[in-house]
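See below for the structure under consideration.
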Amino acid sequence: MAEEDYGTFVDWNLMGDLAKSSGPTKVDCKELKEFKQMARQGNWAKNHKLRAQVYQQLIKSIPCRTVTPDAEVYRDIVGEAATKKPSSHIPLPEFVDGNPVPRYCLKADAVASAHRIINCIAGQFPDISHCPSLPAITSLLLHFSKDEAQCFEHVSRMLACNEPGKRLLDQTFLAYESSCMTFGDLANKYCTAAHKLIVATAQDVLEVYADWQRWVLGDLPFSHMVRVLDVYLVEGYKVLYRVAIALLKFYRKHKTGSQGGQNQQQQDSGKIRADIQAFVKGIGSTVTPDKLLEKSFSIRLINRKEITLLQLTNEKSLQQKGITVKQKRRNVQLALNPDTFSSEIVSAKEMRDIWSWIPERFALCQPELLFTTSTHGCSLNRFYSHCEGHEPTLLLIRTTDGDVCGAFLSSDWEERKRGGNKLSYFGTGECFVFRLKPEMERYEWVVIRHPELASAIRPEGQEDSASSEGQNADESLQQPDKPPGDLSPFLATRHFNLNSKNTSMFMAGNFDSIIVGGGGDSNALYIDAELNHGHTGRCTTFDNPPLCKESFQISLLEAWGFQDTMAQ
């Protein structure tokens with residue numbers, strides 16, 4: 001087949017260096033691992049015909065449901081209709097959420113072909129209710145298709161993929177919205193500096209992160225996007241997360257360079273969204289396609305299984321809130337109204353900063369004061385009675401020296417009872433400890449920063465132990481299993497084969513103390529039964545320095561819950 005057959009819709013004047021063909025002319029490869037390596041290396045990146053042939057091979061290998069419309073279906077449906085009315089005059093389906101077809105390097109009239117294909121897909125896939133990435137994917141594949149029918153078949157196979165645990169395109173609002181939440185969680189954990197910048201400058205972080213897919217599928221220049229597509233068709237959806245996080249890192253570098261390290265002023269979220277979009281569209285002037293991929297795959301993310309678990313957890317959280325179809329986005333700042341928020345330890349601004357660290361599925365919850373020593377007294381039993389039944393909780397401590405520290409605790413304190421009288425560790429890797437004064441810093445589960453400490457399967461019978469003040473014992477403790485259907489499967493230790501039991505000691509409590517973080521010679525936080533005396537030191541679980549003076553007196557302690565305002 002002639003090379004120009006794969007360029008029917010391409011305006012070669014817009015292709016730049018991609019219009020030249022060089023390098024290999026064929027790919028002799030059948031194993032997925034080989035394809036993965038070759039895609040990352042750009043083996044077919046300099047030959048348009050070869051890239052088109054590889055895409056065809058990869059898409060044909062996608063496992064699909066039995067009845068998947070193909071090119072012949074498209075020809076039968078469209079047939080004479082294509083000549084009756086220019087398709088660019090036909091509006092795109094509502095499920096693309098107003099996203100236009102990006103032209104990239106298409107001929108001007110080829111956009112009409114994309115419109116025709118997308119409208120035909122809408123008729124063949126009635127279950128699609130929200131798919132904002134479809135215009136970009138259709139446009140991209142049109143560059144490498146010999147005709148509209150072939151492009152239609154390729155897009156259809158991507159939509160009909162039924163391989164367990166793999167998806168290529170979000171097709172419902174629930175899936176799309178949970179992906180935005182998941183991206184926020186990943187950015188929070190693996191792109192800390194850039195996340196801090198967004199929190200400092202945008203009034204609504206969630207609104208900014210809602211654009212994450214569009215950064216990749218829509219805003220990236222064509223030369224960068226096709227290199228992403230090379231890998232995406234081999235490795236799947238996780239590639240989009242990686243590239244979007246890399247873009248966020250580059251954006252942060254760009255902003256800190258242009259601002260010279262000056263303090264950022266908070267702006268309307270729409271301005272931040274437009275600023276990121278402009279940066280991504282112009283990224284070609286500073287970042288090459290290969291440099292973008294190199295940055296994307298240098299990010300050490302938690303494995304695919306954990307990302308999938310997080311996605312499912314966020315979906316479940318949305319379902320429980322009744323958010324399954326598109327509706328007006330609620331501003332996260334409504335949960336932290338400075339006129340109504342009141343704490344004796346932190347200001348509304350400080351609490352908002354803490355809120356930016358918590359998992360996305362709790363971000364729209366209202367902070368609810370459960371316990372404070374100034375009202376309920378210095379009693380560990382009363383602390384438990386007020387906190388039990390709430391998951392997660394936030395612990396805030398102010399010392400007599402004026403230092404402020406605390407912890408985000410993922411599990412219900414009632415779980416401590418499963419160990420009987422034994423001091424038992426429980427919780428998940430979403431727990432973290434932090435300090436606010438004299439300076440703000442968060443310390444997460446060490447496995448997040450060092451994934452090599454764990455693998456995806458945890459042997460049965462592996463157990464951990466808890467300790468009394470600052471000293472971790474070697475005895476083992478049972479990691480209680482949560483009932484099926486509970487929230488927070490993400491980062492549960494049962495999903496990991498941990499190299500050391502000391503890396504999963506999150507939270508523990510009994511009648512005479514509570515502990516956060518264990519392993520090594522100390523605990524991140526130890527608090528006695530009178531809620532009066534505490535100790536802090538470096539622990540293996542969070543790899544944190546002391547959060548304040550190592551031995552401290554508690555001036556005030558507060559425990560906060562997360563009230564679901566959507567359910568009221």
Side-chain angles (χ1 to χ4, degrees), residues 92-99 125 127-137 159 161 165-189 191 195 198-199 202-219 236-245 247-248 269-270 272-273 276-277 304 306-335 355-356 358-366 430 487-490 562 564-568:
L92 292 174
E94 286 188 13
F95 63 63
V96 304
D97 199 28
N99 285 297
F125 290 84
D127 292 339
I128 297 179
S129 58
H130 194 80
C131 193
S133 298
L134 188 59
I137 288 292
L159 291 167
C161 174
K166 181 178 181 179
R167 79 181 191 286
L168 293 167
L169 291 168
D170 293 326
Q171 298 175 48
T172 66
F173 182 73
L174 182 63
Y176 171 78
E177 188 74 354
S178 66
S179 80
C180 296
M181 294 169 67
T182 300
F183 176 77
D185 285 324
L186 295 174
N188 188 357
K189 291 184 181 299
C191 195
H195 181 68
I198 301 300
V199 170
Q203 292 177 350
D204 188 344
V205 179
L206 293 181
E207 187 179 342
V208 174
Y209 288 162
D211 290 340
W212 80 274
Q213 283 192 30
R214 193 184 69 183
W215 300 342
V216 185
L217 295 168
D219 293 340
Y237 198 90
K238 68 172 185 178
V239 172
L240 302 182
Y241 283 130
R242 286 188 170 278
V243 174
I245 289 175
L247 290 172
L248 199 58
S269 300
I272 302 299
R273 294 169 68 188
I276 295 177
Q277 183 181 34
R304 181 187 293 181
E306 286 302 305
I307 292 176
T308 301
L309 281 170
L310 179 56
Q311 179 94 13
L312 292 173
T313 302
N314 285 332
E315 281 192 17
K316 181 171 182 180
S317 175
L318 289 168
Q319 286 174 322
Q320 290 180 338
K321 291 178 171 66
I323 303 174
T324 56
V325 296
K326 188 168 192 230
Q327 51 193 261
K328 184 174 175 60
R329 175 175 291 276
R330 294 184 55 149
N331 191 312
V332 68
Q333 304 314 319
L334 294 178
W355 231 242
S356 73
I358 66 175
E360 288 283 338
R361 62 186 181 277
F362 303 118
L364 290 177
C365 291
Q366 179 81 28
E430 286 189 316
L487 286 180
S488 259
F490 181 57
F562 294 75
D564 186 1
T565 56
M566 305 289 288
Q568 292 182 339

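The chain is numbered in sequence order, starting from 1. The structure displayed is predicted, hence computed values, not measured ones.
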Self-check item: Gap between atom CD1 of I245 and atom SG of C191 - 0.5 Å precision
Solution: 6.5 Å
Self-check item: Stepwise side chain to side chain contact (heavy atoms under 4.5 Å, CB included) test for I128 and L159
Solution: CA-CA 9 Å; I128 297 179; L159 291 167; 3.8 Å; yes
Quiz item: Could you state the interatomic distance from CG (N99) to OG (S133), rounded to the nearest 0.5 Å?
Solution: 7.5 Å
Practice problem: Check side chain to side chain contact (heavy atoms under 4.5 Å, CB included) between A244 and all other residues, then give those that pass, not counting sequence neighbours. | Solution: F183, W212, W215, V216
Practice problem: Return the set of residues passing side chain to side chain contact (heavy atoms under 4.5 Å, CB included) with Q277 (not counting sequence neighbours), or none when no residue passes. | Solution: R214, D219, K281
Practice problem: Would you please test S129 and Q171 for side chain to side chain contact (heavy atoms under 4.5 Å, CB included) and show each step? | Solution: CA-CA 6 Å; S129 58; Q171 298 175 48; over 6 Å; no
Quiz item: What do the steps show when you test Y209 against L248 for side chain to side chain contact (heavy atoms under 4.5 Å, CB included), and what is the final call?
Solution: CA-CA 10 Å; Y209 288 162; L248 199 58; 3.9 Å; yes
Self-check item: Reference residue I276; test side chain to side chain contact (heavy atoms under 4.5 Å, CB included); the match among I198, L247, D211
Solution: I198
Quiz item: Between G218 and A136, what is the shortest heavy-atom contact and its length?
Solution: N-CB, 4.2 Å
Practice problem: Would you confirm whether the ring centroid of Y176 sits within less than 6.0 angstrom of the ring centroid of H130? | Solution: yes
Self-check item: Distance-minimising heavy-atom pair for E207 and S269
Solution: OE1-CB, 3.7 Å
Quiz prompt | Student check: side-chain heavy atoms of L169 and I137 closer than 4.5 Å | solution = yes
Self-check item: Partner residues of N314 under the side chain to side chain contact (heavy atoms under 4.5 Å, CB included) criterion, sequence neighbours left out
Solution: S178, M181, T182, D185, L310, R361
Quiz prompt | Beyond-backbone contact of L134 with F95, side-chain heavy atoms, under 4.5 angstrom | solution = yes
Quiz prompt | Side-chain donor or acceptor of S317 paired with backbone N/O of T313 under 3.5 Å | solution = no
Self-check item: With F562 via ring-ring contact (aromatic ring centres under 6.0 Å, His included) - residues at least two apart
Solution: W355, F362, F408
Quiz prompt | Closest contact, heavy atoms only, V208 versus R273 | solution = CA-CG, 3.9 Å
Self-check item: Partner set under side-chain hydrogen bond (donor to acceptor under 3.5 Å, both in side chains) for D170, not counting sequence neighbours
Solution: R167, S179, Q213, Y237
Quiz item: Between N188 (side chain) and S356 (backbone), is there a donor-acceptor pair under 3.5 Å?
Solution: yes
